[in-house]
Visitor: 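First, the structure itself, so that you have it in front of you.
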Amino acid sequence: MELKLKLNFILVTSNRRGGGIMAQISLNDIFSKYTSKKPIFKDKDTLSIRFTPENIPHRSEQINQLAHILAPVLRNEKPSNVFIYGKTGTGKTLIAKKVAANLEIVAEPNNLKIIYINCKMRKVTDTEYRLLAQLIEFFGEKVPYTGLPTSELYNRFFRLLDASRQNVVLVLDEIDSLVDKIGSLFLYNLTRINQDLEKTKITLVGISNNISFLENLDSRVKSSLSEEELIFPPYNATEIKDILTERSRIAFHPETITDAAIAKCAALAAQEHGDARKAIDLLRVAGETAERIGSNQVREEHVDIAQNKVDTDRYIETIHSQPKQSKIVLKAVLELYKKNAKGIQTGDVYDLYAKICQKNNIKSLTQRRVSDLITELDNFGIISTVNISKGRYGRTRKINVNLSGTVVSKIEEMFSKEL
DNA sequence: GTTAGTTCAGTTGAAAGCAATATTATCGGCTAC
DNA sequence: AGCCGATAATATTGCTTTCAACTGAACTAACGA
């Protein structure tokens with residue numbers, strides 16, 4: 001990315017007079033640095049989220065359980081529906097996919113159909129209609145993007161299901177967001193399909209990282225969805241270390257990464273509810289950092305830098321994707337924070353916010369809305385708030401900023417460009 | 001010193017308004033009989 | 001007649017505003033010993 005940007009810059013400047021020679025030098029510089037150094041990464045793709053490793057350490061129990069639960073499809077019987085729960089980065093998706101893939105290999109052809117849908121994908125599963133359209137497409141039939149009543153889609157879907165005479169395993173990843181968007185009625189209908197269909201059986205595998213999701217579900221859906229439950233506990237530091245060691249063997253050239261660096265990644269990720277995905281991410285960024293600095297080995301200090309960068313990037317990204325109004329609110333908060341670090345109150349924030357809006361000719365929101373925006377910022381972890389009552393002097397929220405100095409200045413930089 | 005009542009400065013929940021999108025229904029034109 | 005795309009009509013969404021009830025400790029005033 002950085003390289004690309006720099007290249008663009010060079011191309012532009014070298015079109016101008018005089019810029020040519022300098023550009024040539026720096027270009028050569030970059031390339032020679034790239035080729036003369038021994039590379040650190042052997043296969044960087046293995047550190048991406050999409051990569052499915054052969055070997056998944058510390059999850060054999062879950063794999064076995066899931067395999068046992070789903071195995072009856074091979075004998076043409078209907079397995080129980082499964083509900084898989086576990087925090088992010090505990091391998092739920094990975095294992096569901098893996099087991100499904102193996103199942104498909106073993107099963108007689110045309111006897112089993114596994115459908116994997118990630119419900120978080122916007123535009124794909126926003127509404128009941130789209131989801132059904134997706135499902136129907138999996139059976140190879142096209143439906144118009146619009147124009148048909150939803151009930152018609154149900155009919156078509158049923159017909160296709162019945163006609164296919166297959167065992168269908170439907171994996172719904174991030175199922176909680178599905179229910180958020182289109183309600184649990186859909187799931188209810190799905191679980192009831194089996195009673196109406198003769199030749200086809202459908203099995204649901206729901207994956208969620210939100211445990212309270214099951215609790216506030218319609219009880220009928222709840223009981224049928226969670227005939228079997230699978231819990232993925234978070235990894236501890238040692239387990240993450242194993243995972244990273246295993247992965248680094250295929251991702252890095254030998255000797256280019258120190259044990260200490262791996263241990264550090266593992267420790268940092270373990271602190272945050274044992275998120276293996278984060279650990280792997282950290283490893284990748286640490287590798288990139290080392291590469292960029294020109295080191296031929298990934299060391300602890302690179303992990304530190306990476307951790308910092310990952311954190312910063314995450315904040316910057318969330319803030320960047322916020323709507324304008326929310327950014328202005330944050331700007332107001334930060335300005336007050338610079339003046340006096342403690343005791344920022346909503347009232348002050350709102351006043352300053354209104355002022356900023358006026359200055360930039362932006363329509364300001366009501367206090368009510370701003371209050372909600374502050375709550376949102378709180379939820380993102382960008383700021384933290386405490387409700388306090390100041391007796392005779394009313395009630396407010398005390399706001400604290402959770403960002404480090406570097407992040408704050410980066411944000412300010414961003415704001416100065418945008419606002 | 002205690003107790004009961006006020007008050008302030010927002011918080012919070014529900015409902016309604018509004019504009020932007022997405023969906024559905026309708027219509028006129030075109031083609032093939 | 002039947003199909004198609006365009007367009008009007010309608011519904012849904014996401015974001016806000018409006019309204020109004022609620023909050024909880026500092027402050028006050030009255031109470032009682």
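What's counted below: heavy atoms across the whole structure, side chains too, no hydrogens, waters or symmetry copies. Below, chain A is the first sequence line, B the second, and so on; all start at residue 1. Given the structure is predicted, the values throughout are model-derived calculations rather than measurements.
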Visitor: Short question: side chain of A:Lys78, backbone of A:Lys201 - any donor-acceptor pair under 3.5 Å?
Guide: no
Visitor: Got A:Thr385 and A:Thr375 here, is their nearest side-chain heavy-atom distance under 4.5 Å?
Guide: no
Visitor: If you check the A:Arg392 side chain, which of C:dC27, C:dT17, C:dT23 turns out closest?
Guide: C:dC27
Visitor: Would one find a side-chain N or O of A:Gln345 under 4.0 angstrom from OP1 or OP2 of B:dA9?
Guide: no
Visitor: Counting only side-chain N and O atoms of A:Gln367, is one of them less than 4.0 Å from OP1 or OP2 of B:dT11?
Guide: yes
Visitor: Quick one: on DNA chain B, does A:Gly391 or A:Arg397 contact a more 5' nucleotide (nearest heavy atom)?
Guide: A:Gly391
Visitor: Round to the nearest Å and state the distance from A:Glu376 atom CD to B:dT12 atom P.
Guide: 13 Å
Visitor: Round to the nearest Å and state the distance from A:Asp372 atom CG to C:dT16 atom C1'.
Guide: 10 Å
Visitor: Using atom CD1 of A:Ile374 as one end and atom P of B:dA9 as the other, report the distance to the nearest whole Å.
Guide: 17 Å
Visitor: One thing to verify: whether A:Asp304 and A:Lys264 come together as a salt bridge, which I'm taking to mean a side-chain N less than 4.0 angstrom from a carboxylate O.
Guide: yes
Visitor: Can you name the one residue among A:Arg397, A:Arg395, A:Lys390 that meets side-chain hydrogen bond (donor to acceptor under 3.5 Å, both in side chains) with A:Gln345?
Guide: A:Lys390
Visitor: Starting at CZ of A:Arg395 and ending at P of C:dA25, how long is that distance when rounded to a whole Å?
Guide: 9 Å
Visitor: Can you tell me whether the side chain of A:Arg368 and the base of B:dG10 have a donor-acceptor pair closer than 3.5 Å?
Guide: no
Visitor: Give A:Ser364 one of three labels, base, sugar-phosphate or nothing, depending on what nucleic acid heavy atoms sit under 4.0 Å from its own.
Guide: sugar-phosphate
Visitor: Separation of A:Ile388 atom CD1 from B:dC8 atom P, in whole Å?
Guide: 18 Å
Visitor: Could you tell me the separation between the CG atom of A:Leu365 and the P atom of C:dT18, rounded to a whole number of Å?
Guide: 11 Å
Visitor: Nearest-Å distance, CD1 (A:Ile328) to P (C:dT16)?
Guide: 11 Å
Visitor: Using only side-chain N and O atoms of A:Thr396, determine if any of them is under 4.0 Å from OP1 or OP2 of B:dA9.
Guide: no
Visitor: Looking at A:Ser389, does any N or O in its side chain come under 4.0 Å of the phosphate oxygens OP1/OP2 on B:dC8?
Guide: no
Visitor: Answer yes or no: side-chain N or O of A:Arg369 and base N or O of C:dT17 forming a donor-acceptor pair under 3.5 Å.
Guide: no
Visitor: If you assign each of A:Lys390 and A:Lys363 to its closest nucleotide in DNA chain C, which residue comes earlier from the 5' end?
Guide: A:Lys363
Visitor: Does C:dA25 have OP1 or OP2 under 4.0 Å away from a side-chain N or O of A:Asn387?
Guide: no
Visitor: Do A:Phe252 and A:Phe41 have ring centroids that are under 6.0 Å from one another?
Guide: yes
Visitor: Between C:dT16, C:dA26, C:dT17, spot the one nearest the side chain of A:Tyr393, thanks.
Guide: C:dA26
Visitor: Expressed in angstrom and rounded to an integer, what is the separation of A:Leu373 atom CG from B:dT11 atom P?
Guide: 12 Å
